[in-house]
Every structure is written in structure tokens, then in C-alpha cells.
Amino acid sequence: RGATHAPSDDDDGTHETNDDSDDVVRTELQDKKELILLEAGCGVGNTLYPLLQSHPELTVFAVDFSPTAIRIVQSHLLYTTGR
């Protein structure tokens, strides 16, 4: 599992997705119009946002115990409610 970090001032907000995660999403989407993913323990979104960038039809519900992590996820440029 990759290290979770808060974005720095020079962080462009892009991170590479884990190939395994990307393969699972791609396989599950083959015959479906929509795929809904629950990411429990999303941290600051280091897995979440690369998957959303690669798969715009993906809907993700992300949860974390850390209010700070949730605020960072919500401040991301790709964050929208309902996606």
C-alpha cells in the first residue's frame, strides 16, 4: 500500500494509481454502465482520485475516521458530491 500524504504546495494533485486497483475497476466496468465503489479508509484520496481520473463513469463513496483527511479529499479539484 502506498504512503498517504497531505498535498504540499508544489503537489499538482495527481498520483499514479495502483495497477491492481485499475485492473479491477476496468474488469468490473466491462459489461456495466456504472460501478459504485466504497473506499473505507480513503485517507487523503491517493487511490481515489487516480481511479476517478482513469474511469470517469466510476462513482465512489469514500469514508475515513480523520476529519482532516476528509477535508483534504473535499478540497480536491475532482471532488463533487454525488460522484
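Reckoned from all heavy atoms, side chains included, excluding hydrogens, waters and symmetry mates. All residue numbers in this chain count up from 1 along the given sequence.
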pair [X]-[Y]: side-chain heavy atoms closer than 4.5 Å:
X     : Y     : value
Leu51 : Leu37 : yes
Thr47 : Glu39 : yes
Thr59 : Leu35 : no

Out of curiosity, Leu48 CG to Tyr79 OH, how far, rounded to the nearest 0.5 Å?
10.0 Å
Gap between atom CG of Leu52 and atom CD of Glu57 - 0.5 Å precision:
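The CG atom of Leu52 is 10.0 Å from CD of Glu57, to the nearest 0.5 Å.
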Would you find a donor on one side and an acceptor on the other, under 3.5 Å apart, between the side chain of His76 and the backbone of Leu78?
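Indeed, once roles are kept as given, a pair shorter than 3.5 Å links the two residues.
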Taking Tyr49 for its side chain and Leu77 for its backbone only, find out whether a donor-acceptor pair lies under 3.5 Å.
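Absent.
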Are Ile70 and Leu38 linked, directly or through other ILVMFWY residues, by side chains that come within less than 4.5 angstrom of each other?
no
Considering residues at least two apart in sequence or located in another chain, which fulfil the side-chain contact (heavy atoms from CB on, under 4.5 Å) criterion with Ser66?
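Testing Ser66 for side-chain contact (heavy atoms from CB on, under 4.5 Å), a comparison that skips the adjacent residues, returns Asp64, Thr68, Ala69.
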